[in-house]
Amino acid sequence: MSVGCKNYNFREIEPFWQKKWLEGKTFRAENESEKEKYYVLDMFPYPSGAGLHIGHPEGYTASDILARYKWAKGYNVLHPMGWDAFGLPAEQHAIATGQHPSTNTEKNIDRFREQIQSLGFAIDWEREVDTTDPNYFHWTQWIFLQLFKRGLAYVDDKPVWWCPELRSVLANEEVINGRSERGDFPVERKNLRQWILRITRYADRLLEGLKFIDWPDSTKRQQIAWIGRSEGVELNFEIAPSGPKISVYTTRPDTLCGVTFLVLAPEHELVEPIITPENREKIREYINSAKRKSDLERTDLAKDKSGVFTGSFAKNPLNGELIPIWIADYVLISYGTGAIMAVPAHDDRDFEFAQKFNIPIKRVIASVGDSKDGKVLASGNLPFCSEGILVNSGEFDGLATEEAAKKITENAERLGFGQRAVKYKLRDWLFSRQRYWGEPIPILWIERKHYDRALAEKKAYFADKIPANVVSHKKDGLEWCAIPIPEEQLPLKLPETEIYLPSDDGESPLVHAKQWLNIFVNLKTGEIAREGKENFVSAIRETNTMPQWAGSCWYHLRYLSPNYGKGLVDPKAEAYWKSPDFYIGGAEHAVLHLLYARFWHLFLWDIGAISVAEEPFTKLFHQGIILGSDGQKMSKSRGNVVNPDEVIRQYGADSLRLYEMFLGPLEAMKPWSTQGIEGVYRFLKKVWVLFIDGEGKAKIFPEKDDPGVDQLLNETIKKVTEDIEALRFNTAIAQMMIFVNGAQKIGISRQTAVSFLQLLAPFAPHVAEELWLRLGEKFPISRAKWPIFNASKLVKNDRKIMLQVNGKVRDEILVDDGASREEVERIAWQRSRFMAFLEGKEILKKIYIPGKILNIVLGR
RNA sequence: GCCCAGGUGGCGGAAUGGUAGACGCUGAGGACUUAAAAUCCUUUGUCUGAAAAGACGUGCGGGUUCGAGUCCCGCCUUGGGCACCA
């Protein structure tokens, strides 16, 4: 059964087939299959209230083309979809309306699902996941408890990024130039108790793993830069005359003799002890002003260095020189040792500082210049930050930078004033948020005395579920210790509350759910009670929730067995599906989602929760951004937003899919054109009339194809197949257009028509399926064997040879395909037009490229 | 400042070192129509020329090559990333 329309009526055709695919479970992926698997993964959307954006169908269409192509190639294909539904907008909506965020989230999901289904994607809807579904976040919480147990989740009240506008803390990765990534609001430093994940422990492996995965270079580079591994030396400078030692980190030990001052970060622990009395006031003031400065100021006003002299001196461990110790906020407490040795002659920042405060600048590296006699030492301008030859460095004079660095490091290690060290820019991941709409962190806080007693009695239910070092914090003069909620009690659901607004001092709205918050727990059984009773101690629930990134760290695993109850993934499903063969999504997640998800996946691998692949995403692709027709980013304020619903209503989903793929290379940024979509729409109408007569019936096709059509079809099969494999969908569509233009003129056989429809099907599945059926083929088109091109049909009978003179085309001739060079030359020499260019000139050389070009090189 | 990726007709874009501008849009002319829409045909890089044809053309300046959009060097410019990380 198909639709009865006579013309290309996509409004009838598209919903018909969408319903048929959905109800017939056409794209259901089987967890047990003899077939080879292919797993295509899209970055799942956040179901915002604004509905689907025109950018969503770009990546989804690309993955859908691959999915449908792979079905046709005989694979068992998994192409799932889900919702990354925790997050700020839903919470803000709840704050504004007083409605529970789940109500709105559900509504948005329904709308997104409907919109995505209206694009006809070959999705297995039985595997839909939703990060806010307790059956899903059950396992998000379970993973958290595993991290906790192994000491990878801890609390700290170090200064964190706080965004007053969002009333929330943010991770380092969520702060860009002193503003929030989401919303672009200013952020400031604030001391708050926070859950932090020890991602730094995975720094090396996160770096190492990048070598073995097929990702865009730019994304790898961003992760490498974010992890920021550097190799150097920690050197100890003794405070004169004989105080404690200041440890500094440097990657340039070769410049050690050029150190003319040390700098401590204002927060450095040695600041207080070394202040001399006469400087005390001045320094206090400086530290306070540095503290007051937001990090925006500290970075934005970076050009203007500030600092203050402590009055103390330290000894250069290599040559014993006394050097002043300064405090300056251009040194960060959070990197290295929070202290540096300043070498103004060979470092831009130190140079600037030394100039401002009139500190001596001592050159110890000379540049190497060329002269007649070979290499010579040259002085040149300071600061000089590249490699060279050591000078003014005593026994190390004359050594090259690299050699000197090695020697001085060895020296330091032998004499005990330093050792090699590796540092990372990567910081631990700030994992808690003061929000309602997130996964509750499944932790209880109990008093230290109860904690200790329970462990001493060796009957605590949590004894083997806690880290080696207690996770605790002090509040109201008591020490509170973190214990996990028993795994059997997961999922821990969000309590009902009237208030969704976080307080402005960093308290989660969950504190308002008093009944939920203050409870009693039996430390032997893990049983929880509302009222105190025997064997129960009072406990407070953790009120922070997880950040939005949590749910997306492992959804690629949940799709494999979305209803599995015994673990986050069914091992059998994992063994079959392994990891996604193709992952597509925006480049904006290069260091957020894509780093966090790799971290969790590595961790899950380490604890044996998964066992097939260490890296989650072996092949990654970023689709480009679709701009407004004015070449600007689409935004409501610019009024250049294209609404996919509107496009579908006017031209249909097939046209939208086709056009988004035809716009240009998948990875490129490209502007939308309202007129451009007319072109692909016209193309589909042409396809329709090529196959269907005025009565809506399949045309009567000739028995045999013209040889020209035969060749055209084979060229098209080859081009479309290769282009799909290489994700060059724009040129694949161009080739199909060439085919239709040709077919329209010459006419095609039924068999050729059928083959072409198969090529078209991944791109414009609705119209292809409809025509396929009308031509009498069996549903569904995506399961028909993908056409194979016949190489012998590709060979042309004659070839055009370009005749060039000095590389310029002057004439062309047609020769038989197998024509020899001699033959080509013989024919060329009969062309008077060509010979005219050669007349009276000396022929220096003849270059012949078989089947393409004959180039005659003339003398002057 | 540093690190990437780009720059090709009026527009989106095509081109294993070998016919630059495929395919599509737009524009112009025509057919069909009472008319419009839709559809079809012709044409559409710039300059000279009636035409035939020629010259010039892939951000700019050099280079390698018989031949360069493609490779090399220098610069301009757009976009992205990083930015006191010692």
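Residue numbers begin at 1 in each chain, while the letters A, B, ... track the order of the sequences.
Classified by its glycosidic torsion, B:G67 falls in the anti category, the angle being over 90° from 0.
Checking A:Val591 against A:Thr251, the closest nucleotide of RNA chain B that is more toward the 5' end is the one next to A:Val591. Nearer to the 5' terminus of RNA chain B, by closest-nucleotide assignment, is the contact made by A:Phe662 (compared with the other of A:Asn806 and A:Phe662).
Taking the centre and axis of the six-membered ring of A:Tyr8, the NZ or CZ atom of A:Lys685 falls outside the cone set by 45° and 6.0 Å. A:Arg598 forms a cation-pi arrangement with A:Trp215, by the criterion of a distance under 6.0 Å to the ring centre and an angle within 45° of the ring axis.
Listed candidates were B:G54, B:G81, B:A86. Nearest to the side chain of A:Arg810 is B:G54. Nearest nucleotide to the side chain of A:Lys845, out of B:G12, B:C25, B:C66: B:C66. Each of B:A86, B:C23, B:G13 was ranked by its minimum atom distance to the side chain of A:Ile738; first place goes to B:C23. Candidate nucleotides B:G54, B:G79, B:U26 were compared by shortest atom distance to the side chain of A:Arg682, and B:U26 ranks first. Distances were taken from every side-chain heavy atom of A:Asp329 (C-beta onward) to each of B:C56, B:C84, B:G54; the shortest belongs to B:C84.
The nearest whole Å value for the distance from the CD atom in A:Gln744 to the C1' atom in B:C40 is 8 Å. If you take CE of A:Met661 and P of B:G13, they are 14 Å apart, rounded to a whole angstrom. Here the P atom of nucleotide B:G24 and the NZ atom of A:Lys670 are 19 Å apart, to the nearest Å. In this structure, A:Phe621 places its CZ atom 15 Å from P of B:A5, rounding to the nearest Å. Whole-Å rounding puts the A:Gln735 CD to B:A15 C1' distance at 14 Å.
Distances shown here put every side-chain N or O of A:Tyr330 at or beyond 4.0 Å from the OP1 or OP2 atom of B:A86. The shortest distance between the side-chain N/O atoms of A:Asn730 and the OP1/OP2 oxygens of B:A22 is not below 4.0 Å. Of the side-chain N and O atoms in A:Arg728, none sit less than 4.0 angstrom from OP1 or OP2 of B:A15. Taking 4.0 angstrom as the limit, A:Ser673 places none of its side-chain polar atoms (N or O) nearer than this to OP1 or OP2 of B:G24.
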Protein-nucleic acid N or O pairs under 3.5 Å, nucleotides 17-19 of chain B:
from	atom 1	to	atom 2	distance (Å)
B:G18	N2	A:Gln804	OE1	3.3

Mind listing the N/O atom pairs, protein and nucleotides 1-4 of chain B, below 3.5 Å?
from	atom 1	to	atom 2	distance (Å)
B:C4	O2'	A:Arg221	NH2	2.5

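Here the side chain of A:Asn640 pairs no donor or acceptor atom with the backbone of A:Ser629 at under 3.5 angstrom. Judged purely by atom type and a 3.5 angstrom limit, A:Tyr659 uses its side chain to pair as donor or acceptor with the backbone of A:Ser673. Side chain of A:Asn316 to main chain of A:Leu318: a donor-acceptor pair is present (N/O by atom type, distance under 3.5 Å, no hydrogens or angles).
Taking atom P on both nucleotides, B:G57 is separated from B:C47 by 15 Å, rounded to a whole Å. Taking atom P on both nucleotides, B:G10 is separated from B:U46 by 7 Å, rounded to a whole Å. The same atom, P, is picked in B:G6 and in B:C71; the two are 9 Å apart, to the nearest Å. Look at the P atom in both B:A14 and B:G74: the space between them is 28 Å, to the nearest Å.
Remark: A:Lys685, A:Lys686 in residues 684-692 of chain A come within less than 4.0 Å of RNA chain B through at least one heavy atom.
Around the NZ atom of A:Lys356, the shell of radius 6.0 Å holds more than 12 heavy atoms that belong to other residues, nucleotides or ligands.
Between A:Phe353 and A:Phe261, the distance from one ring center to the other falls under 6.0 angstrom.
Not a single donor-acceptor pair, N or O on each side, falls under 3.5 Å between the base of B:C66 and the side chain of A:Lys846.
Atoms CG and CG, on A:Leu663 and A:Asn730 in that order, are 9.0 Å from each other to the nearest 0.5 Å.
For the pair A:Trp161 and A:Ser180, the minimum side-chain heavy-atom distance is 4.5 Å or more.
Classification of the A:Trp429-A:Tyr596 ring pair by plane angle, with boundaries at 30° and 60°, yields parallel. The aromatic rings of A:Phe756 and A:Phe691 sit parallel to each other, their planes meeting at less than 30°, with 60° as the upper class boundary.
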